[in-house]
A.B. asks: 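Quick one: the structure is below, and I'll ask about it shortly.
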Number of protein chains: 2
Amino acid sequence: MFEFFAQYLVEKGELTQIELELIRQAAVSKKVRKNHYLLEEGKVSNFIGFVANGCFRLFRKGEDGQEYTMKFAIENWWISDFTSFMSGEPSNCYIEALENSELIWFSREIWDHLLATIPNFKRMIDSLTAKNFEANQNRIFSNISEPAEVRYDNFVNKYPTLYNRIPLYMIASFLGITRETLSRIRKQAAKK
Amino acid sequence: MFEFFAQYLVEKGELTQIELELIRQAAVSKKVRKNHYLLEEGKVSNFIGFVANGCFRLFRKGEDGQEYTMKFAIENWWISDFTSFMSGEPSNCYIEALENSELIWFSREIWDHLLATIPNFKRMIDSLTAKNFEANQNRIFSNISEPAEVRYDNFVNKYPTLYNRIPLYMIASFLGITRETLSRIRKQAAKK
DNA sequence: TCCCTTTATTGATAATTGTCACATTCCATT
DNA sequence: AATGGAATGTGACAATTATCAATAAAGGGA
């Protein structure tokens, strides 16, 4: 299980064997069963998880009671409510396992310690944080500038391994449209 | 001019006089005239600016050639294309002065040096970065979960000093609607 | 396999938003 | 104060999307 993560660390972060060993000792394996929650609204997101296996979604509940998907995470992605993690304030998000999943799990204390003691790890995470920021910017731009059909096309192209693994109504809420509209967009697209 | 910035640093970052002096020496004052650009698409955002005076907008051009406002910045706000700043890649954004404005301007080299040598400054910036991340999350959530009228109301409540200082069509593009729709939303709201 | 729950599709209709054309208002400059 | 350009408002209509209701399809236990 950890080996999968170790491979990621070597590829992405160019970590040495010694550094890997430090992380291995700090890491906790965690299984989350389908439909169970890793985080619920009101609780502080005191962890960061690396998805070794399975699939998660992070969502918020709107004024209308509906669930709005903020992000998905599959293998090789990191999952947490980073806002709550950074602020230490209670989260307004839920993190739900969409499949039986396995995580490499780090508490806040351990995470901070790893960042402070392993420069290569910190470099890797800083780089990911920058990418994450960029992705958020792009998503905002997409939301304000592109019609729903284009947003869906881009989603499919960007996450080819996601769109046939996740219920469509979650993708719809991620894109900011209703499931019915997504259904019709797909029907249109199929004609072409 | 710098005094305005110094006050901000003391309030937000609790910087000492010695630290202030280091920053003062590193800072460059810069004036940007109304309608002039601080950054244009294709160029690297090699700076971070603190708005001492005036107003800026950061926007991207859509496929349709339209300008979509990604953010505004007035006094006490920071302005840069952080995506390009962090990656070193050419920006896809423009930063335009909406008024005659004054900046405290830091080159990337100086910025990195300040962060590395002044822990209080780094702490302050890290905190702002976290807030910025949170704001982006909230904006995404707003875009996918709230109707235009609510988004506009929230905008007005959140940025009371902004909405009567900036052309409405820029606010419309920030919210992801056309100016005509915003005009009608405002008309509706006025009735209540 | 069958049944039940969840998910997806579809139709009809309403609400929202966009587009285009034009009128009006607001400002900055002379 | 006059003028021209930018910004905003408005009306008519089209396109998009939401809502509601019902059906169909898919998937997961017992």
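When reading the values below, keep in mind they use all heavy atoms of this one structure, side chains included, and skip hydrogens, waters and symmetry mates. Chain identifiers are assigned alphabetically (A, B, ...) following the order of the sequence lines, protein sequences preceding nucleic acid strands; residue numbering begins at 1 within each chain.
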A.B. asks: By nearest nucleotide on DNA chain C, pick out whichever of B/Gly176 and A/Met170 is the more 5' one.
C.D. replies: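 This one resolves to A/Met170.
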
A.B. asks: Over how many whole Å does the gap from A/Arg186 atom CZ to C/dT9 atom C1' extend?
C.D. replies: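 A/Arg186 atom CZ is separated from C/dT9 atom C1' by 10 Å.
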
A.B. asks: Does a nitrogen or oxygen in the side chain of B/Thr178 sit under 4.0 Å from OP1 or OP2 of C/dT17?
C.D. replies: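 B/Thr178 to C/dT17 OP1/OP2: no side-chain N or O under 4.0 Å.
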
A.B. asks: Output the distance between atom CG (B/Asp81) and atom OG (B/Ser45), rounded to the nearest 0.5 Å.
C.D. replies: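 The distance works out to 5.0 Å.
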
A.B. asks: Any idea which of D/dG11, C/dG18, D/dT8 is nearest the B/Tyr169 side chain?
C.D. replies: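 Looking only at side-chain atoms, B/Tyr169 lies closest to D/dT8.
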
A.B. asks: Can you tell which of C/dA8, C/dG18, D/dT17 lies closest to the side chain of A/Leu168?
C.D. replies: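 Nearest to the side-chain atoms of A/Leu168, counting from C-beta on, is C/dA8.
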
A.B. asks: Residues sharing A/Tyr37's hydrophobic cluster, by side-chain heavy-atom contacts under 4.5 Å among ILVMFWY, directly or via others?
C.D. replies: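 A/Phe59, A/Tyr94, all in the cluster of A/Tyr37.
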
A.B. asks: Parallel, tilted or perpendicular: which one describes the rings of A/Phe50 and A/Phe4, with boundaries at 30° and 60°?
C.D. replies: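 Because their plane-to-plane angle lies in the 30° to 60° range, the rings of A/Phe50 and A/Phe4 count as tilted.
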
A.B. asks: Rounded off to whole Å, could you give me the CG-to-P distance for the B/Leu98 and D/dA7 pair?
C.D. replies: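 Taking atom P of D/dA7 as the reference, CG of B/Leu98 is at 10 Å.
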
A.B. asks: If I take atom CD1 in residue B/Ile177 and atom C1' in nucleotide D/dT17, what distance separates them, rounded to the nearest angstrom?
C.D. replies: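 Computing the B/Ile177:CD1 to D/dT17:C1' distance gives 15 Å.
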
A.B. asks: As a test of reading the structure: which of D/dT10, D/dT19, D/dT8 is closest to the side chain of B/Pro167, going by heavy atoms?
C.D. replies: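 Minimum distance to the B/Pro167 side chain belongs to D/dT8.
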
A.B. asks: Counting only side-chain N and O atoms of A/Ser183, is one of them less than 4.0 Å from OP1 or OP2 of C/dA8?
C.D. replies: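 It does not, given that no N or O in the side chain of A/Ser183 lies less than 4.0 Å from OP1 or OP2 of C/dA8.
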
A.B. asks: Is any side-chain heavy atom of A/Tyr163 closer than 4.5 Å to one of A/Tyr159?
C.D. replies: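 The answer is no; the side chains never approach within 4.5 Å.
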
A.B. asks: Can you check the A/Glu146 CD to C/dG18 P distance for me, whole Å?
C.D. replies: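 Result: 15 Å.
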
A.B. asks: Please work out which of the three classes, parallel, tilted or perpendicular, describes the rings of B/Tyr68 and A/Phe141, given edges at 30° and 60°.
C.D. replies: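 A/Phe141 and B/Tyr68: perpendicular rings.
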
A.B. asks: Send over the distance from A/Glu67 CD to C/dT6 P, rounded to a whole Å.
C.D. replies: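 That distance rounds to 13 Å.
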
A.B. asks: Taking the nucleotide of DNA chain D with the nearest heavy atom to each, does A/Arg179 or A/Gln66 sit closer to the 5' end?
C.D. replies: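 Whichever sits nearer the 5' end wins; that is A/Gln66.
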
A.B. asks: I need the CD-C1' distance between B/Glu180 and C/dT16, as an integer number of Å.
C.D. replies: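 One finds 14 Å between C1' of C/dT16 and CD of B/Glu180, rounded.
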
A.B. asks: Counting side-chain heavy atoms from CB outward, which of C/dG18, C/dT9, D/dA18 is closest to A/Arg184?
C.D. replies: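 Out of C/dG18, C/dT9, D/dA18, the nucleotide with an atom closest to A/Arg184's side chain is D/dA18.
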
A.B. asks: Considering only C/dT17, D/dA12, C/dC20, which nucleotide approaches the side chain of B/Pro147 most closely?
C.D. replies: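 Nearest to the side-chain atoms of B/Pro147, counting from C-beta on, is C/dT17.
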
A.B. asks: Between atom CZ in A/Arg33 and atom P in D/dG28, what is the gap in whole Å?
C.D. replies: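 From A/Arg33 CZ to D/dG28 P: 13 Å.
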
A.B. asks: Tell me the interatomic distance from B/Leu182, atom CG, to D/dT10, atom P, rounded to whole angstroms.
C.D. replies: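 Result: 12 Å.
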
A.B. asks: Tell me which nucleotide among D/dT10, D/dG9, C/dT17 gets nearest to the side chain of B/Lys187.
C.D. replies: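 Closest of the options to the side chain of B/Lys187: D/dT10.
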
